[in-house]
Protein chains: 2
Amino acid sequence: MNHAAQNITQECADCPIRHRAVCARCEPDELTRLEEIKYYRHYDAGSHILWSGDRMEFVASVVSGIATLTQTMEDGRTQMVGLLLPSDFVGRPGRDTSPYDVVATTDIVMCCFRKRPFEQMMERTPHIAHRLLEMTLDELDAAREWMLVLGRKTAREKIASLLTIIARRDASLNLRAPKGVLVFDLPLTREAMADYLGLTLETVSRQISALKRDGVIELEGKRHVTVRDFARLLEEAGDDNDGGMLA
Amino acid sequence: MNHAAQNITQECADCPIRHRAVCARCEPDELTRLEEIKYYRHYDAGSHILWSGDRMEFVASVVSGIATLTQTMEDGRTQMVGLLLPSDFVGRPGRDTSPYDVVATTDIVMCCFRKRPFEQMMERTPHIAHRLLEMTLDELDAAREWMLVLGRKTAREKIASLLTIIARRDASLNLRAPKGVLVFDLPLTREAMADYLGLTLETVSRQISALKRDGVIELEGKRHVTVRDFARLLEEAGDDNDGGMLA
DNA sequence: GTCAGACTTTGACCCAGATCAAACCCGGAC
DNA sequence: GTCCGGGTTTGATCTGGGTCAAAGTCTGAC
């Protein structure tokens, strides 16, 4: 488990969903109601949280650890369609089954709410429904952004785009690094990255080596990354906007 | 404008959103309120309905014609991230600007609702908010399904997947064809298909020719398609489920 | 009818990324 | 310490789809 994730665990110890997932504007009594129906689940690295087609009996937010959403074809080709980092929300009120495999990439703790009571609460408190719509729209935007990556970017741009995403996520939690320099651990194996990017693991490895050789990133071991010039990384990603990271 | 689209125009003449977009369960008085704030817009083929970053002052459903959602990189590479067919909904309550270009592919008629009154109505009638969440989840699923297509499928599978989608859409409207045989017009140029599939227009053309040569589809002119064996097409698409098309 | 322009097809060639194969690295079990 | 196995890197080669180029088709204006 990486350092940033541990932070989240602590930050969210009393009420994980307060963090970013559901309750940005919760009144105290609503928080209390959420407290009453919540419980925790732990999964080991590598285990399936949900299989595609499984009945989903809960919605949840990630407390610590990493999970992925993947789709798989009969012949085994797989595509990752989402990455769940601490504070992310999983599950869809109003739907019975999961359309994807949800797999724990690291040991992971989820803060769960049984679906029925959660849905009932949604009906009572419209702003939670509103917040959920907003989160779904964010996910939709992210998915469509990723369609551009998958459909039109080169292998090098794809890697840079992924690093960008992970860096942004981690950096918003990890404020220790001096401004402009981002330090983080890759939460995924080369193979998982490949499945996210529509590449092979060999190509991922080669492109990471190339970015290192060209001074875009520094690597310590196989997972620990330092980015000294985030603007440069964005350029490599073929990204025109900075998502608010650069003042 | 193709025949199916004309059908929709007639079906929806009195209240387009009643069709499938927003109002599946509307009470009569809610329909009346919607009637009061709706108006129509016409766009010519090829014109921009919204530019990326534009302020959106309305939400709308497509009455007739086709539009696309696209993202473009600075160097001109473009990726289509959504296809708007008759009865589809555009616009996101709670968001101010469009993250995508919305372009009319054919002449198109939209049934629009000014955003503010629409949002107010959403607050008054929770089931519309609920329906909107559902539609957004559908879009999210479609986007993620498409990520698998973009990331992991071959050119031939991509083309077959696109035909599958268009055939399903059109077939649900066009009940004249004998069971099992689907007949429809391609609503997109080869270039637009390429932008949807993350290919070049030459590759699209070659793969369509190949599917024709192999008897998967029949072509009359450049746009009119007959599919005699839908299961075969699904197989070519690498798709395991039939989305309920085959009994 | 015929001309212009937009769309499409087809061919020849090339290259980014896949595939196949072999080492390498490193942490944990013993 | 040594061994083992999963993850990673690197090299050699192959190929699907991109690129460049030319020709074909259709439609609508005149």
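Every chain is numbered from 1, with letters handed out A, B, ... down the list of sequences.
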How close or far is atom [atom2] of [N] from atom [atom1] of [X], stated in whole angstroms?
X        : N      : atom1 : atom2 : result
B:Leu211 : C:dT9  : CG    : C1'   : 15 Å
A:Leu188 : D:dG6  : CG    : C1'   : 16 Å
B:His224 : D:dC26 : NE2   : P     : 15 Å
A:Leu219 : D:dT10 : CG    : P     : 10 Å
A:Arg152 : C:dG17 : CZ    : C1'   : 16 Å
A:Ile159 : D:dT8  : CD1   : P     : 12 Å
A:Asp195 : C:dA18 : CG    : C1'   : 14 Å
A:Gln207 : C:dA16 : CD    : P     : 10 Å

Are side-chain heavy atoms of B:Ile166 and B:Met193 found at a separation under 4.5 Å?
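With C-beta onward as the side chain, the pair stays apart.
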
What nucleic acid atoms does B:Ile208 come within less than 4.0 Å of, heavy atoms only: base, sugar-phosphate, or nothing?
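No contact.
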
Touch check for A:Gly198, heavy atoms < 4.0 angstrom, all strands: base, sugar-phosphate only, or nothing?
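The answer is sugar-phosphate, as A:Gly198 gets under 4.0 Å only of primed atoms, P, OP1 or OP2.
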
Here's a test for you: under side-chain contact (heavy atoms from CB on, under 4.5 Å), which of A:Leu150, A:Leu83, A:Val149 qualifies with A:Tyr196?
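Only one of A:Leu150, A:Leu83, A:Val149 forms a side-chain contact (heavy atoms from CB on, under 4.5 Å) with A:Tyr196, namely A:Leu83.
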
Does [X] have a side-chain nitrogen or oxygen under 4.0 Å from the phosphate oxygens OP1 or OP2 of [N]?
X        : N      : answer
A:Thr200 : C:dA18 : yes
B:Thr189 : C:dA6  : no
B:Arg223 : C:dT8  : yes
A:Ser209 : D:dT9  : no
A:Ser205 : D:dT9  : yes

Do [X] and [N] have a side chain to base donor-acceptor pair shorter than 3.5 Å?
X        : N      : result
A:Arg190 : D:dG6  : no
A:Arg156 : C:dG17 : no
B:Glu191 : C:dC7  : no
A:Arg213 : D:dT10 : no

Suppose the criterion is salt bridge (charged side-chain N to carboxylate O under 4.0 Å, His left out): which pairs have a residue in residues 190-211 of chain A, not counting sequence neighbours?
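Qualifying pairs, neighbours excluded: A:Asp195-B:Arg152.
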
Regarding B:Arg92 and B:Glu139, does a basic nitrogen lie under 4.0 Å from an acidic carboxylate oxygen?
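Looking at B:Arg92 and B:Glu139, the cut-off is not met.
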
DNA chain C: A:Arg206 or A:Gly221, which has the more 5' nearest nucleotide?
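Result: A:Arg206.
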
Where each residue is assigned the nucleotide of DNA chain C containing its nearest heavy atom, which of A:Lys222 and A:Glu202 is assigned the position nearer the 5′ end?
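First, find each residue's nearest nucleotide; the 5'-ward one identifies A:Glu202.
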
Tell me which nucleotide among D:dT8, C:dT10, C:dT19 gets nearest to the side chain of A:Leu201.
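Closest nucleotide among those given: D:dT8.
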
For A:Glu74, is the CD atom crowded, meaning more than 12 foreign heavy atoms sit under 6.0 Å from it?
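Check passes, neighbour count above 12.
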
Spatial distance of atom CD1 (A:Ile159) from atom CG (A:Leu197) [nearest 0.5 Å]:
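Answer rounded to 0.5 Å: 5.0 Å.
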
